Amino acid sequence: MSVHLWVRAEARNNEERVGITPQGAAKLITLGFDVTVEESRQRIIPVDEYRAAGCTIAPEFSWTDAPDDAIVFGLKELPEDGTPLRHRHIMFGHAYKGQPAGRVLLDRFNAGGGALYDLEYLTDTDGRRVAAFGYWAGYAGAAVSLLCWIAQQRGQIAEGVRAYPSANHLLADLQQALVAIGAQRPTALIIGALGRVGTGAADLCQAMGVATTKWDMAETAHGGPFPEVLRHDIFLNCIPARPGTPVFVPASAKVAPRHLSVIGDIACDPDSDFSPIKVYDRTTTWGAPALRVHDAPVLDVTAIDNLPSMLPAESSEDFAEQLLPHLMTLTALEDGVWGRAKACFDRAVG
C-alpha cells in the first residue's frame, strides 16, 4: 500500500520544529512513500532541503486541500476554526485529559470522519512512548525557570524568551545573566528526575551550577504532602497530569512559609483535572513567560507548552530520529504503535 505523508506547516507562532528531517523523508521515499512538505516561513529546516531530498513542495497551510488518503503530519495544534477534519492527522492533540479545547478537536474529527494519531500516545507494548521531545523540554524549561529567578533577584518579572540557534547559545546567555547578579545561586527540586524531561532539566541545572534535589517515584509514592517543595527556590515539575498524580503544590502554598519563588511546570497541564500544581490555571507564553501568582513573598509560575521550540534544531533532530522507524511502518496503520494510538482515539470519541 502506498502512503502519502503530508508534512504541514505549523500555524503557531514561535514553532520552528518539524517531526521529520530531509534525510528521513528521503528514506521514506526510497520505501515507496509519497512525501509532500509544505512551505513554511518559520521551520528551522529550509524547504529547499526537502525539495532536494525528493519531496513534493506545497504551499503553506494547503493541507486542507490534500487528497483524502493523505496522512497529515504536524506537531502542534491546528487552527481553531471549527471546520470538520476529514484527514488522518499525526500530531500532539492534547485531547484526552479533559482539556476543553481537546473536546472541540475531537468533535471536529467526528464531524469530518477523520482520525487523530496522537504523538503522545504512540507507545510500545509496555506503554512507553516511542518518541518524545522530553529531554529538550526539560532543558529549556529549567532555563526559563532560572531566567524567572534571575529576574526576581533584580526585583523584576521575567521578560520574553526566544529561540536559540543551539543549546550552547542558550547556556552562554544564561551564564552572562547569572554572572551579572553576583555569586548567589538558587536551589532546585526536580520531580520526575529519572525520566527524559527530568534528565534534561537536571543537565541544565548542573551546567549552571544550580544545586539540585532529584526526586522520582520512590520519593512521591506516599502521595503527599510534600513540604520539601517549599524549601527550594525553584520547583521543576516533570510529571504529566494523569489520574492518580499527587498534588505537589496545593493552593495554600501561596501564603505558606517558603523559600519557593519559581515553579517551572514543564509538564504543563494547567487545565487538566489532574494537574499537580494548584496555584495557577493557564499556560504562559514566550512574550510573558512568568505568571505572578503571589506578590509577598513573590511566587512566579512558568508553563510554556512548546518549550523544545526554544531549541528547534536539536529538538527536531532528536525527535525525528526517534520517530522515523515508526513512520516507516505507516503501511500497516492498523498495527503496532499506530493501531494503539487509533484505539486511544476511538475510546476518546466514544
Side-chain angles (χ1 to χ4, degrees), residues 6 8-19 42 60-61 63-64 71-123 129 131-134 137 140-141 144 197 237-243 245 263-291 293 301-310 319 341-350:
W6 188 290
R8 63 175 171 85
E10 297 292 334
R12 181 178 186 155
N13 292 335
N14 303 313
E15 189 48 86
E16 300 180 27
R17 293 176 296 169
V18 61
Q42 62 179 352
E60 192 173 41
F61 309 135
W63 60 266
T64 53
I71 300 173
V72 180
F73 177 28
L75 295 177
K76 298 302 284 186
E77 64 268 22
L78 301 171
E80 295 181 354
D81 57 12
T83 55
L85 297 170
R86 59 188 173 88
H87 294 100
R88 294 164 294 178
H89 283 257
I90 301 171
M91 59 182 280
F92 287 103
H94 303 294
Y96 302 157
K97 297 179 183 176
Q99 302 98 323
R103 185 67 255 173
V104 174
L105 178 67
L106 295 175
D107 288 344
R108 292 173 67 188
F109 277 112
N110 256 341
L116 170 63
Y117 293 83
D118 196 312
L119 289 162
E120 188 176 349
Y121 293 84
L122 294 186
T123 59
R129 289 176 61 180
F133 283 101
V144 176
V197 180
N237 175 49
C238 302
I239 299 293
R242 58 168 62 102
T245 301
I263 297 169
D265 190 5
I266 300 172
C268 196
D269 281 313
D271 57 355
S272 170
D273 299 336
F274 311 112
S275 172
I277 297 172
K278 302 301 186 185
V279 295
Y280 85 116
D281 60 0
R282 58 192 180 275
T283 57
T284 62
T285 65
W286 287 50
L291 174 67
V293 296
V301 179
T302 181
I304 296 172
D305 63 4
N306 65 332
L307 283 164
S309 205
M310 286 181 61
F319 184 80
K342 179 60 159 52
C344 292
F345 171 74
D346 291 340
R347 285 194 296 271
V349 296

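Treat the numbers as computed from the prediction; the structure is a model and nothing was measured.
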Evaluate the side-chain proximity of [Y] to [X]: yes if any heavy-atom separation is below 4.5 Å, no if none is.
X	Y	result
Asn14	Thr285	no
Leu78	Arg8	yes
Thr283	Pro270	yes

Leu105 and Leu85: CA distance, side-chain angles, deciding distance, side-chain contact (heavy atoms from CB on, under 4.5 Å) verdict = CA-CA 9 Å; Leu105 178 67; Leu85 297 170; 3.8 Å; yes
Qualifying residues under side-chain contact (heavy atoms from CB on, under 4.5 Å), relative to [X], sequence neighbours excluded:
X	result
Arg242	Pro240, Thr245
Arg282	Leu291
Glu60	Ala9, Ser40, Arg41
Ala115	Arg88, Tyr117, Lys342, Phe345

Heavy-atom closest pair, residues [X] and [Y]:
X	Y	answer
Ala241	Pro276	CB-CD, 4.4 Å
Met310	Val144	SD-CG2, 3.5 Å
Leu106	Ala348	CD1-CB, 3.9 Å
Ala303	Cys268	O-SG, 3.4 Å
Asn13	Asn306	O-ND2, 4.2 Å
Asp81	Arg108	OD1-NH2, 2.9 Å

Identify, with sequence neighbours excluded, every residue that meets salt bridge (Lys or Arg N to Asp or Glu O under 4.0 Å) alongside [X].
X	value
Asp271	none
Asp281	none
Lys97	Glu120, Asp269
Asp273	none

Is [X] reaching over with its side chain to a backbone N or O of [Y], donor-acceptor style, under 3.5 angstrom?
X	Y	answer
Thr284	Thr302	no
Glu10	Leu75	yes
Arg86	Gly113	no

inquiry  = I'd like to know whether Val18 forms a side-chain contact (heavy atoms from CB on, under 4.5 Å) with Phe73, so could you lay out the CA-CA distance, the side-chain angles of the two residues, the decisive distance to 0.1 Å, and finally the verdict.
reply    = CA-CA 9 Å; Val18 61; Phe73 177 28; over 6 Å; no
Point-to-point distance, once rounded to the nearest 0.5 Å, from CD1 of Ile277 to CG of Asn237 = 4.0 Å
task = Identify, with sequence neighbours excluded, every residue that meets ring-ring contact (aromatic ring centres under 6.0 Å, His included) alongside Phe133.
result = Phe319
Which donor-acceptor pairs under 3.5 Å do the side chains of residues 89-96 make with protein atoms, sequence neighbours left out?
from	atom 1	to	atom 2	distance (Å)
His94	NE2	Lys76	NZ	3.4

task = Check each of Gln42, Glu15, Glu16 against Ser309 using the side chain to side chain donor-acceptor pair (under 3.5 Å) test, and report the only one that passes.
result = Glu15
ask   = Which residues pass the side-chain hydrogen bond (donor to acceptor under 3.5 Å, both in side chains) test with Tyr280, sequence neighbours left out?
value = Asp265
key: Partner set under side-chain hydrogen bond (donor to acceptor under 3.5 Å, both in side chains) for Thr64, not counting sequence neighbours   = none
